[in-house]
Amino acid sequence: MTSVASWNIQNGKGADGVVSLPRIAEVITRMGEPDVICLQEVSRHLPVSGAGFAVDQIAELADLFPGYEVIFGVAIEAAGEGSAPRWQYGNATLTRLPVVSVFHHALPQPPHAGVRQMPRQVSEVTVATGNGSLRVMNTHLEYHSLRQRLAQVARLRELHLQAAAIAHNRPDYDDTGSYSCLDRPESCVLCGDFNIEVGSPEYTAMLAPAEGEAVCFRDAWQIAHADRPHEPTCGVHDTVQWPQGAHCRDFFFVAGAAARAVEDVCVDTETDASDHQPLMLSIVDTP
């Protein structure tokens with residue numbers, strides 16, 4: 001079995017206003033020590049709202065998860081105030097599986113005047129599992145702009161379909177070096193905080209079929225739990241930021257062999273260690 005967890009940790013800030021990465025680590029470990037952990041809203045040297053201090057959260061996560069490699073996908077890097085170091089903000093992927101390849105992709109930010117927004121990215125980490133290699137894409141889409149979310153969904157689909165097409169149409173590779181073969185399989189897990197809801201235009205666009213024989217994304221929850229609606233991943237405990245109450249905006253989208261091997265998707269609705277809830281996907285390893 002291969003397990004992937006996904007959680008928007010809000011820089012470690014819980015619904016109680018306390019910033020604690022050790023609490024985040026405790027919750028994740030309690031979920032079953034997943035093979036790959038995809039975290040959104042992770043920072044380095046960025047003063048965290050309500051905390052009054054700035055730390056290197058990547059270094060802290062590395063200490064909290066011994067045995068995992070930490071890969072930081074930086075969406076923003078900018079100068080700090082005064083003599084403070086440059087700060088970084090983005091998504092962190094932690095894996096205890098061997099890393100095959102890593103790619104970081106900036107996502108579109110089409111102009112949308114007068115709308116609050118920030119740059120977004122997706123990290124694509126291919127790992128070796130008991131059932132061959134698996135691409136894990138970790139992302140966090142824009143909240144305030146529907147225009148930007150739609151463009152970002154289109155880019156995520158494009159990146160997946162491009163990797164799958166290359167896997168099926170092998171280029172001329174060298175044995176070693178920069179022109180060597182980098183394994184980017186069709187089998188893929190795309191996860192994160194998408195800031196979309198089931199049935200929205202962005203959700204529909206993510207699951208739209210592609211031309212020809214291309215394998216597109218499916219909602220892993222619908223595969224595992226077709227008989228019931230998604231459990232809430234946001235607004236469960238923090239009703240100040242989310243006055244609309246509990247709802248789902250965090251997903252696992254799967255394609256290829258990963259979609260055929262979905263065993264379960266679960267959500268921890270008990271923890272209040274962030275304004276979002278952690279999710280975990282289990283994929284059966286079959287020979």
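These numbers come from the heavy atoms of this one structure, side chains and all, not from hydrogens, waters or symmetry mates. If you're wondering where the values come from, they're calculated on a predicted model, not measured in any experiment.
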* Take Asn11 and Val19 through the side chain to side chain contact (heavy atoms under 4.5 Å, CB included) test and state the conclusion after the steps. => CA-CA 7 Å; Asn11 292 291; Val19 177; 5.7 Å; no
* Using the test salt bridge (Lys or Arg N to Asp or Glu O under 4.0 Å), find all partners of Arg170 that sit at least two apart in sequence or belong to another chain. =>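 For Arg170, no residue satisfies salt bridge (Lys or Arg N to Asp or Glu O under 4.0 Å) once neighbours in sequence are set aside.
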Heavy-atom closest contact ([X] atom, [Y] atom, distance):
X	Y	result
Cys216	Leu161	SG-CD2, 4.0 Å
Ala246	Pro232	CB-CB, 3.7 Å
Val115	Gln117	O-NE2, 2.8 Å
Ala258	Val189	CB-CG2, 4.2 Å
Gln241	Gln10	NE2-OE1, 2.7 Å
Thr271	Pro278	CG2-CD, 3.5 Å

Distance-only, no hydrogens or angles: does the [X] side chain make a donor-acceptor pair with backbone N or O of [Y] under 3.5 Å?
X	Y	value
Ser6	Leu279	no
Thr2	Thr129	no
Ser282	Ser3	no
Arg96	Glu33	yes
Glu197	Ser200	no

* **Cluster check Val102, Val4: I/L/V/M/F/W/Y, side chain < 4.5 angstrom** =>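 Shared cluster, yes.
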* To do: May I ask whether Leu21 and Trp87 are part of the same hydrophobic cluster, defined by side-chain heavy atoms of I, L, V, M, F, W, Y residues being less than 4.5 angstrom apart, directly or through others?
  =>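 Different clusters: Leu21 never reaches Trp87 through Ile, Leu, Val, Met, Phe, Trp or Tyr contacts under 4.5 Å.
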* Asked: In terms of side-chain heavy atoms, does Asn138 have a donor or acceptor partner in Ser123 at a distance below 3.5 Å?
  ->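 Their side chains do not contain a donor-acceptor pair, so the 3.5 Å distance test is not met.
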Is any side-chain heavy atom of [X] closer than 4.5 Å to a side-chain heavy atom of [Y]?
X	Y	value
Ser180	Tyr173	no
Leu156	Leu141	yes
Asp35	Val127	no
Leu61	Phe72	no

Considering residues at least two apart in sequence or located in another chain, which fulfil the side-chain hydrogen bond (donor to acceptor under 3.5 Å, both in side chains) criterion with [X]?
X	value
Arg44	Asp56, Gln88
Arg120	His140, Glu142
Glu60	none

* To do: With Asn91 as reference, evaluate His104, Glu41, Gln40, Gln121 under the side chain to side chain donor-acceptor pair (under 3.5 Å) test and give the passing residue.
  =>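 Of the listed residues His104, Glu41, Gln40, Gln121, the side chain to side chain donor-acceptor pair (under 3.5 Å) partner of Asn91 is Gln121.
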* **Straight-line distance of Arg184 CZ to Leu134 CG, nearest 0.5 Å** =>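 It is 13.5 Å, given to the nearest 0.5 Å.
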* Give, for atom SG of Cys188 and atom CG of Leu159, the distance between the pair rounded to the nearest 0.5 Å. =>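 Between atom SG of Cys188 and atom CG of Leu159 there are 9.5 Å.
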* By ring-ring contact (aromatic ring centres under 6.0 Å, His included), which residues pair with Tyr68, not counting sequence neighbours? ->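 Here the qualifying residues are Phe65.
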* Could you note down all residue pairs passing ring-ring contact (aromatic ring centres under 6.0 Å, His included) where residues 235-266 supplies at least one of them, sequence neighbours left out? =>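 For residues 235-266: Tyr143-Trp242, Phe194-Phe253, Tyr203-Phe251, His230-Phe251, Trp242-His247, Trp242-His276, Phe251-Phe253.
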* Asked: Less than 4.0 Å between a side-chain N and a carboxylate O, is that true for Arg23 and Glu26?
  ->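 The answer is no: the pair does not qualify as a salt bridge.
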* Asked: Within a reach of under 6.0 Å around CZ of Arg218, are more than 12 heavy atoms found that belong to other residues, nucleotides or ligands?
  ->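 No, the 6.0 Å shell around CZ holds no more than 12 heavy atoms from other groups.
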